[in-house]
There are 2 protein chains.
Amino acid sequence: MEDTRERIIDATAALFTQRGYAASGLKQISGASTATIGSLYHFFPGGKAELAAETLTRSGQAYQELVEAVIDAAPDVVTGVRDCFDGAAETLRASGYADACPIATVALEVASADEALRQVTEQIFASWLRSITDRLVNGGVPESRAPELATVLLAALEGGFLLSRVAKDAAAMDVLGATVVDLVRHAVDGSGFVPERRRT
Amino acid sequence: MEDTRERIIDATAALFTQRGYAASGLKQISGASTATIGSLYHFFPGGKAELAAETLTRSGQAYQELVEAVIDAAPDVVTGVRDCFDGAAETLRASGYADACPIATVALEVASADEALRQVTEQIFASWLRSITDRLVNGGVPESRAPELATVLLAALEGGFLLSRVAKDAAAMDVLGATVVDLVRHAVDGSGFVPERRRT
DNA sequence: GTCTATAGCTTGATAGAC
DNA sequence: GTCTATCAAGCTATAGAC
């Protein structure tokens with residue numbers, strides 16, 4: 001196989017999501033990706049730190065594209081936001097509350113302990129917030145209100161992942177989705193914007 | 001000193017808050033608490049797992065009591081909720097974005113990897129939600145609405161800790177506080193309840 | 001590019017003197 | 001209760017054959 005590098009990153013992303021950075025050993029990653037430790041250092045000479053930075057960046061991009069696809073596929077932004085939370089809740093239930101945000105656990109671990117990796121997570125969240133803000137504005141949320149609403153949306157999603165994983169119950173995610181949907185709807189209505197379509 | 005056990009727990013709590021479970025070694029804890037590894041196993045024969053369970057439980061209780069004190073000291077529940085978020089933002093700024101939730105990082109690490117510790121974190125969050133719900137009801141939020149609003153409040157606080165620590169900027173916590181305060185105010189107003197006092 | 005072997009260190013945990 | 005010595009296992013990282 002020539003996609004060894006991909007397999008390593010995929011295995012690392014899965015372990016980071018479920019156990020975090022410190023608890024994910026290189027031998028474990030090597031085993032899970034069916035790549036030897038030699039291959040691992042061939043593709044990532046910088047070792048664990050380089051592998052982590054690359055994995056976080058890639059996971060962040062993939063997750064952003066997923067959310068963008070969900071929102072852009074909806075007839076209006078209110079529905080799109082609802083679909084995001086519904087999808088997150090469904091993914092949690094289907095995976096036994098293991099498949100959640102690929103960044104959050106590592107981000108909390110490194111925030112005060114590894115400045116280089118902290119900056120990587122900062123860039124990822126900043127990119128997510130820009131993407132969400134753009135879509136809120138496109139959907140009719142006033143530009144003055146969109147950045148704050150994007151922050152609330154992302155914090156609700158992350159808080160929902162935390163509470164739902166801990167309780168092994170996605171009810172929290174459902175409640176948060178309903179709340180954020182209401183906030184978005186109100187922001188759109190208040191602007192006098194008629195939610196219309198940009199699909200196809 | 002006879003409070004060796006306390007020092008061990010305090011040092012563990014600080015390390016868990018800033019680095020999480022897996023990255024906090026027993027030798028590091030031993031050093032930070034000026035207790036030898038022998039003392040550590042004397043007080044916690046179950047090793048790291050027992051120390052973690054005890055530390056999380058104690059930190060969870062202390063944090064709950066802190067939030068309760070802040071809310072109960074305010075003239076009304078809307079102000080109390082605002083004080084909570086303001087206090088969280090201030091603590092973040094004052095500590096260089098290191099002092100945040102003592103449970104969240106560990107909770108995400110163990111949610112899918114250590115069932116015993118996951119249950120400990122589940123009990124802590126459940127206790128927090130009961131406490132917040134009680135105070136919302138006392139402050140005039142309808143009983144039918146209070147549990148959901150408590151979930152939103154806690155998720156916003158946790159999401160705010162994550163985004164603020166990652167960005168080394170408490171602006172997210174400020175935005176989330178303002179949003180939750182509005183939600184609580186609306187829930188109180190909508191119930192026809194006049195925010196009145198229970199202090200002194 | 002892949003694989004094995006291994007260095008050097010740290011981890012969680014135990015034993016036993018004091 | 002405290003301390004030190006030590007164990008086996010794990011870790012990250014490197015070297016070198018293939």
Side-chain angles (χ1 to χ4, degrees), chain A residues 1-58 105-106 109-110 112-118 120, chain B residues 1-58 105-106 109-110 112-118 120:
Chain A
M1 311 180 189
E2 236 308 301
D3 49 339
T4 304
R5 201 185 129 99
E6 296 299 311
R7 291 205 319 278
I8 293 171
I9 290 179
D10 289 347
T12 305
L15 282 166
F16 280 5
T17 301
Q18 290 165 31
R19 290 156 201 277
Y21 179 70
S24 300
L26 291 186
K27 283 192 173 169
Q28 205 174 356
I29 292 169
S30 165
S33 58
T34 55
T36 63
I37 203 83
S39 294
L40 204 153
Y41 274 92
H42 169 73
F43 289 110
F44 305 96
K48 192 178 186 181
E50 184 183 347
L51 171 59
E54 178 72 11
T55 298
L56 289 170
T57 300
R58 293 277 295 274
T105 309
V106 178
E109 283 183 275
V110 304
S112 303
D114 188 319
E115 176 59 15
L117 283 180
R118 190 218 113 234
V120 172
Chain B
M1 313 177 186
E2 236 310 299
D3 49 340
T4 305
R5 200 186 130 99
E6 295 299 309
R7 292 204 319 279
I8 293 171
I9 290 179
D10 289 347
T12 306
L15 282 166
F16 279 6
T17 301
Q18 290 164 33
R19 293 158 199 274
Y21 179 71
S24 299
L26 291 186
K27 285 195 172 165
Q28 204 174 357
I29 292 170
S30 165
S33 58
T34 54
T36 63
I37 204 83
S39 294
L40 206 153
Y41 274 93
H42 170 72
F43 290 109
F44 305 95
K48 193 178 185 181
E50 183 182 349
L51 171 59
E54 177 73 10
T55 298
L56 289 170
T57 300
R58 292 279 294 273
T105 309
V106 178
E109 283 182 275
V110 305
S112 304
D114 188 317
E115 175 60 15
L117 283 180
R118 191 218 113 233
V120 172

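- Within the structure, every side-chain polar atom (N or O) of Ser39(A) is placed at least 4.0 Å from both OP1 and OP2 of dG1(C).
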Expected rows: protein N/O vs nucleotides 16-18 of chain D N/O, under 3.5 Å:
none

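- Scanning residues 11-29 of chain A for heavy-atom distances under 4.0 Å to DNA chain D yields Ser24(A), Gly25(A), Leu26(A), Lys27(A).
- For the OP1/OP2 pair of dT2(D) and a distance below 4.0 Å, the side-chain nitrogens and oxygens of Thr36(B) include no atom meeting the criterion.
- Here Glu6(A) pairs with Arg58(A) under the side chain to side chain donor-acceptor pair (under 3.5 Å) rule; sequence neighbours left out.
- Contact check, Thr4(A) against dG1(C): no side-chain N or O comes under 4.0 Å of OP1 or OP2.
- Listed here is the closest heavy atom pair of Gln28(B) and Leu15(B): NE2-CD2, 3.9 Å.
- Between Val110(A) and Val120(A), the closest side-chain pair of non-hydrogen atoms is not below 4.5 Å.
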Expected list for residues 37-50 of chain B: side-chain donor-acceptor pairs under 3.5 angstrom, two or more places apart:
from     : atom 1 : to       : atom 2 : distance (Å)
Ser39(B) : OG     : Thr36(B) : OG1    : 3.4
Lys48(B) : NZ     : Tyr21(B) : O      : 3.0
Lys48(B) : NZ     : Ser24(B) : O      : 3.1
Glu50(B) : OE1    : Gly46(B) : N      : 2.5

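- Scored by the side chain to side chain donor-acceptor pair (under 3.5 Å) test, Glu54(B) finds Arg5(B) as partners (sequence neighbours excluded).
- The salt bridge (charged side-chain N to carboxylate O under 4.0 Å, His left out) pairs that include a residue from residues 9-28 of chain B number zero, where partners must be two or more places apart or lie in different chains.
- Listed by chain and residue number, Pro102(B) satisfy the side chain to side chain contact (heavy atoms under 4.5 Å, CB included) test with Thr17(B) (two or more places apart in sequence, or in another chain).
- Under the rule for a side chain to side chain donor-acceptor pair (under 3.5 Å), the partners of Ser112(B) that lie at least two apart in sequence or sit in another chain are Arg165(A).
- Distances were taken from every side-chain heavy atom of His42(B) (C-beta onward) to each of dT2(D), dG12(C), dT2(C); the shortest belongs to dT2(D).
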